[in-house]
Amino acid sequence: MTSGPDWRQIEGWLTEAEGMLLMECARTAPVGEVVEVGSYHGRSTVALASVRPVWAVDPHEGDMGEPTMREPSWEPFLKNIGGLPVTPV
């Protein structure tokens, strides 16, 4: 659908196998857009948006469940999704 950055180069926890499966699921869905809850820096968001428009839901406040992981992710997320069919929510 849309070309963007290589999602495998974006920081995150999604493995290559998981990313390929997500893309295939989005590609073969009958119609509509994808809603993603939890985007961090946009690794899975970019993978999904390469095949289908995405609504990305994340407060980007940096609380990832552990006190030592409190890095705001809004700026890296915006940089990574630039030009892709993503609506941040």
Side-chain angles (χ1 to χ4, degrees):
M1 172 180 198
T2 303
S3 154
D6 182 352
W7 62 270
R8 293 165 289 213
Q9 302 302 313
I10 297 170
E11 182 180 356
W13 300 273
L14 185 74
T15 67
E16 186 163 351
E18 291 168 337
M20 299 305 286
L21 180 60
L22 274 178
M23 292 168 63
E24 185 60 22
C25 288
R27 185 184 292 90
T28 59
V31 295
E33 300 173 335
V34 173
V35 175
E36 177 185 48
V37 178
S39 302
Y40 188 52
H41 287 184
R43 184 175 172 102
S44 56
T45 312
V46 169
L48 288 165
S50 70
V51 296
R52 180 106 26 176
V54 176
W55 289 79
V57 181
D58 194 312
H60 294 284
E61 295 172 352
D63 185 358
M64 294 177 278
E66 295 184 29
T68 59
M69 300 179 75
R70 298 197 57 83
E71 173 192 337
S73 57
W74 180 243
E75 293 300 323
F77 175 76
L78 286 180
K79 175 181 166 273
N80 291 327
I81 66 163
L84 291 170
V86 176
T87 303
V89 180

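Both backbone and side-chain heavy atoms feed into the values below; hydrogens, waters and symmetry mates do not.
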Between Ser73 and His60, is any side-chain donor less than 3.5 angstrom from a side-chain acceptor? yes
According to salt bridge (Lys or Arg N to Asp or Glu O under 4.0 Å), does anything in residues 19-41 pair up with another residue at least two apart or in another chain? List the pairs. Glu24-Arg27
Output for pair (Trp74 CH2, Ser39 OG), nearest 0.5 Å, gives 9.5 Å
For Thr15, enumerate each residue passing the side chain to side chain donor-acceptor pair (under 3.5 Å) test, keeping only those at least two apart in sequence or located in another chain. Glu18
Closest non-hydrogen atom pair between Ala26 and Val34, with its separation: CB-CG2, 4.2 Å
Rounded to the nearest 0.5 Å, how far does CG of Leu22 lie from CH2 of Trp7? 8.0 Å
Nearest-0.5 Å distance, CZ of residue Phe77 to CD1 of residue Ile10: 9.5 Å
In Å and rounded to the nearest 0.5 Å, what is the OG1 to CZ distance from Thr28 to Arg52? 8.0 Å
Heavy-atom closest pair, residues Ser50 and Met23: OG-CE, 3.5 Å
Can you hop from Val46 to Val35 via hydrophobic side chains spaced under 4.5 Å? no
Closest non-hydrogen atom pair between Glu11 and Arg43, with its separation: O-CB, 3.9 Å
Are Val57 and Leu84 connected in the hydrophobic side-chain network, where two residues link if heavy atoms are under 4.5 Å apart? no
Do the side chains of Val89 and Val54 join up, straight or via other hydrophobic residues, at under 4.5 Å, putting them in one cluster? no
Given the rule in the side chain to side chain contact (heavy atoms under 4.5 Å, CB included) test, do Thr45 and Asn80 qualify, once you have shown the distances and angles that lead to the verdict? CA-CA 9 Å; Thr45 312; Asn80 291 327; over 6 Å; no
Within this structure, what is the CG-CD1 distance for the pair Leu48 and Ile81, rounded to the nearest 0.5 Å? 12.5 Å
